[in-house]
There are 2 protein chains.
Amino acid sequence: MSQTQMMKGIIDGCLLAIIDGNECYGYEMAERLGDYGFDAVSEGTIYPLLMRMQREGLVTSVRRASTAGPQRKYYSLTKEGKQALAEFILRWQQLEKSVNAVLKKEME
Amino acid sequence: MSQTQMMKGIIDGCLLAIIDGNECYGYEMAERLGDYGFDAVSEGTIYPLLMRMQREGLVTSVRRASTAGPQRKYYSLTKEGKQALAEFILRWQQLEKSVNAVLKKEME
DNA sequence: TTTCACTATCTTGTTTTACAAGGTATAGGA
DNA sequence: TCCTATACCTTGTAAAACAAGATAGTGAAA
């Protein structure tokens with residue numbers, strides 16, 4: 001069991017939350033997740049995820065010049081994306097509750 | 001994003017916790033997870049997981065007769081299994097902290 | 001001036017996960 | 001006798017997360 005495996009499906013929601021807070025681009029999202037305490041999330045994970053979420057209509061993107069390198073692709077949430085984020089939060093809270101219930105009940 | 005995807009890698013740890021609490025068999029673990037608030041976890045998920053964990057030396061099993069059906073396969077944790085459980089708990093707590101940090105910081 | 005480090009995106013191929021669906025078999029009750 | 005609940009397992013599928021590496025722009029040091 002790696003940290004990796006526990007991440008599945010959760011990064012999506014966290015990306016939505018970050019984008020909702022403020023228009024953001026992939027490279028920065030990876031850094032931010034690191035700041036929040038996640039194991040370094042690889043770009044090979046983030047970019048395909050962002051592209052999938054765009055395909056699904058949860059986010060839109062615009063390219064903008066950077067002062068320090070190639071163009072950035074800034075993402076924003078659509079109405080569907082905001083909805084998906086709200087649903088993610090509910091599911092996360094339910095999951096948190098369930099796992100903690102198992103750990104608490106079984107660990108004493 | 002389905003509930004499913006958020007589960008990845010977490011069921012393992014919960015099964016270890018359940019087994020640690022008390023010797024248990026697969027069919028019952030599925031029921032218990034349901035009781036703890038998880039979406040019904042399919043047997044197609046649980047049995048392969050248990051077999052993998054046995055292959056990895058985290059659990060051992062013994063067959064015992066049941067009063068109400070075919071033989072049950074009771075699982076117990078090995079020393080390695082207890083170790084894996086302890087590691088899971090740490091990783092879970094770290095994950096919980098990180099996700100909540102993202103949600104809190106970005107949602108205000 | 002060329003080379004290095006950092007910034008930034010994307011692709012390919014692999015491993016693993018979770019599951020749906022279905023198979024097998026035992027026991028007890030209607 | 002047949003149904004339901006109990007109990008285990010297998011096969012095939014879709015998707016997730018990543019490692020590794022390709023591509024390219026910028027600026028600063030050497």
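In what follows, chains carry the letters A, B, and so on, assigned in the order in which the sequence lines appear, proteins first and then strands, with residues in each chain numbered from 1.
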*Which listed nucleotide (D:dA19, C:dA18, C:dA8) is nearest to the side chain of A:Ser42?*
D:dA19
*Looking at side-chain heavy atoms only, is the closest gap between B:Leu58 and B:Gln83 below 4.5 Å?*
no
*asked:* OP1 or OP2 of C:dT17 versus the side-chain N and O atoms of B:Arg52: is any pair under 4.0 Å?
replied: yes
*Over how many whole Å does the gap from A:Met51 atom CE to D:dC18 atom P extend?*
15 Å
*How do A:Ala68 and A:Gly44 order along DNA chain D: which one's closest nucleotide is nearer the 5' end?*
A:Gly44
*Would you call B:Lys82-B:Glu87 a salt bridge at under 4.0 Å N-O?*
no
*Angle class for the A:Tyr74/A:Tyr25 ring planes (parallel below 30°, perpendicular above 60°, tilted otherwise)?*
perpendicular
*Nearest-nucleotide wise, let me know which of A:Lys73 and B:Pro70 is further upstream toward the 5' end of DNA chain C.*
A:Lys73
*Atom-to-atom span, OH of B:Tyr47 to C1' of D:dT11 - whole angstrom*: 17 Å
*Given D:dA7, is OP1 or OP2 found less than 4.0 Å from the side-chain N or O atoms of B:Tyr25?*
yes
*Is A:Thr45 touching bases, backbone alone, or none of the nucleic acid, heavy atoms closer than 4.0 Å?*
base
_Helix axis bend for the helix from C:dT1-D:dA30 to C:dA30-D:dT1 - C1'-based end axes, five pairs, 10° rounding_ = 10°
_Quick check: do B:Ser61 and B:Gln54 have side-chain heavy atoms less than 4.5 Å from each other?_
yes
*In whole Å, what is the span from the CD atom of B:Glu56 to the C1' atom of C:dT15?*
13 Å
_Distance check needed: D:dA17 C1' versus A:Leu50 CG, whole Å only._
14 Å
*asked:* Expressed as a whole number of angstroms, how long is the span from B:Leu49:CG to C:dA18:P?
replied: 6 Å
*Would you say B:Lys104 and A:Tyr36 make side-chain contact, with heavy atoms under 4.5 Å?*
no
*Under 4.0 Å between any heavy atoms, over every strand shown, what does A:Arg63 touch: base, sugar-phosphate, or nothing? Just pick one.*
sugar-phosphate
_Looking at every non-hydrogen atom in both residues, tell me the closest pair between B:Ile18 and B:Cys24 and how far apart they are._
CG2-SG, 4.1 Å
_Euclidean distance, atom CZ of residue B:Arg72 to atom P of D:dA5 [Å, nearest integer]_ = 16 Å
*Between OH on residue A:Tyr75 and CG on residue A:Leu15, distance to nearest 0.5 Å*: 10.0 Å
*What's the CZ-P distance between A:Arg55 and C:dC10, to the nearest Å?*
13 Å
*asked:* Quick check on DNA chain D: between B:Tyr27 and A:Thr67, whose nearest nucleotide comes earlier from the 5' end?
replied: B:Tyr27
*Mark yes or no for whether B:Thr45, through its side chain, and B:Val41, through its backbone, hold a donor-acceptor pair below 3.5 Å.*
no
_I want to check one thing: is the phosphate of D:dA7, taken as OP1 and OP2, less than 4.0 Å away from some side-chain N or O of B:Ser66?_
yes
_I want to verify a distance call: between D:dA17, D:dC8, C:dA18, whose nearest atom is closest to the B:Ile11 side chain?_
C:dA18
*Does any donor-acceptor pair link the side chain of B:Gln71 with the base of D:dC8 at a separation under 3.5 Å?*
no
*For B:Ile46 and D:dA7, what is the distance between atoms CD1 and P respectively, to the nearest whole Å?*
13 Å
